[in-house]
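Below is one structure, written out as structure tokens; comments come after it.
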Amino acid sequence: MRAVRSSAPRKQALGAQRLFVTLVRVRRQLVLSGRPVWFMLIGAWLFEGSRDHRLILWDLERAECVRELEGHGGAVQCAAVHWGSKRALSGGHDGSLQLWDLESGSALRTYRYSGRSGCGACTADWDVGLWNLHHAVHAVAELRGHEDLVQCVSLHVASLRAASGSDDCTVRIWCLRRGAAQQELRGHRSGVHCLAVDWEADRALSGSHDGSLVLWDLGRGAELRRFQANGGWVRCVSVDWRGLRALSGSEDGKLRLWDLRGGEPAGASQQPQELAGHSGAVQCVCADWDQHRAVSGSDDCSLLVWDLGARRADGLLRGHRSSIRSVAAMWS
């Protein structure tokens, strides 16, 4: 199968089109939408979407496609799943959010997203009281400030904060009560494509098109460590905050395992452990650090399941006809 190579980020005329993040409230539940992530892995199942407009539910133990969900009129760019209720929320380039019943494979409801460039990234907190998406959904705030595409978002309901990374080379921390940015973190020389946040400890790790990963102290708004990947753009990252490890995916098709206690300025620049297997850029990755497992998706249209202890891929899933863009996981 031919790998689909990604192109450089599309530059917009600043001021001609304002990019923004929309905060959506479902009764007491919050959903934050920005720009791109693409699929969700829960339990022993994989729920994923890609640029061919489909979402696919996989049984990872049997490496079988369980169900295909179709309904978006454009690329599926993000998803959030509540496995206990077998519900999923997906956002697409067609500017819509869709609520799915994973048992039947049917779309329960469609919500129209207000952004002119479509819904590119979403994250949900399913544990805040009433999460029943059958009821009214409405935008309660637009968080404006980025000067280019918003590529990644993170949400913390308890503190009513959010974080976002953008092609304007910044990471911004938002106060959802005020609908305004609290911090603007600068340090990358190119767009920020991925972001992981430890809200309890006030730290974050961002990855950029410039090939760098930066560890941030959110309390001081300062850079703590810098790591340089030699494989081109850093597309995705999954972090073990307890063990201070990170797994990143890059343009060269490799995953890299980092020790976050190293890097600069702590000491000599470290060489990460590399995991090779994809023939296209790694667009998404998520790890279960306790079980030493991970899954990654790529522009080569495949998913690889990894044994992190053995540093090798031990599972391959194919089903999409286009690139797979992001992953979040919880293994049984």
Side-chain angles (χ1 to χ4, degrees), residues 19-42 47 49 77-85 87-91 97-99 111 113-115 118-133 137-146 149-166 170-185 192-207 216 218-219 221 236-239 241 284 286 325-330:
L19 276 282
F20 54 88
V21 179
T22 298
L23 178 66
V24 179
R25 182 172 61 203
V26 187
R27 291 190 177 181
R28 289 177 57 201
Q29 183 192 331
L30 300 176
V31 178
L32 187 68
S33 302
R35 272 197 87 83
V37 294
W38 306 58
F39 62 86
M40 211 63 164
L41 175 70
I42 303 292
F47 180 60
Q77 301 194 119
C78 56
V81 176
H82 188 266
W83 191 248
S85 64
R87 295 289 189 270
L89 187 68
S90 63
L97 288 164
Q98 297 223 28
L99 176 66
Y111 313 99
Y113 176 70
S114 61
C119 181
C122 66
T123 182
D125 189 312
W126 299 90
D127 299 322
V128 184
L130 301 173
W131 46 262
N132 189 346
L133 297 180
V137 176
H138 60 281
V140 297
E142 288 182 355
L143 310 181
R144 295 176 182 262
H146 282 298
L149 301 181
V150 178
Q151 294 284 1
C152 46
V153 292
S154 178
L155 172 67
H156 190 236
V157 173
S159 65
L160 284 178
R161 290 185 295 166
S164 57
S166 168
T170 69
V171 173
R172 298 185 189 225
I173 309 300
W174 303 88
C175 173
L176 302 185
R177 285 190 181 90
R178 296 188 294 110
Q182 289 180 324
Q183 293 174 312
E184 180 181 303
L185 307 178
V192 178
H193 201 276
C194 54
L195 180 67
V197 183
D198 180 2
W199 291 103
E200 302 301 326
D202 266 345
R203 53 190 174 181
L205 184 69
S206 57
W216 302 94
L218 299 184
C236 51
V237 68
S238 179
V239 180
W241 291 111
C284 50
C286 192
R325 291 296 174 124
S326 78
V327 61
M330 182 176 67

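Residues: numbered from 1 along the sequence shown.
Remark: the backbone N or O of L185 is not paired with any side-chain donor or acceptor of T170 at under 3.5 angstrom.
Within the structure, salt bridge (charged side-chain N to carboxylate O under 4.0 Å, His left out) contacts touching residues 149-158 (residues at least two apart or in different chains) do not occur.
You'll find the side chain of V197 stays beyond 4.5 Å of the side chain of I173, heavy atoms only.
Taking the salt bridge (Lys or Arg N to Asp or Glu O under 4.0 Å) definition, one finds that R172 meets it with D168, E184, sequence neighbours left out. With sequence neighbours left out, R161 forms a side chain to side chain donor-acceptor pair (under 3.5 Å) with S159, D202. W199 pairs by the ring pair (Phe, Tyr, Trp, His ring centres under 6.0 Å) definition with H156, not counting sequence neighbours. A196 meets the side-chain contact (heavy atoms from CB on, under 4.5 Å) test with V237, V239, W241; sequence neighbours excluded. Applying the side-chain contact (heavy atoms from CB on, under 4.5 Å) test to A180 and every residue at least two apart in sequence or in another chain returns R178.
The heavy-atom pair separating S206 from W216 by the smallest distance is OG-NE1, 2.8 Å. Nearest heavy-atom pair across G165 and L195 is N-CD2, 4.2 Å.
With values rounded to the nearest 0.5 angstrom, S164 atom OG is found 11.5 Å from L155 atom CG. Taken to the nearest 0.5 Å, the CG atom of D198 stands 4.5 Å off from the CZ atom of R203.
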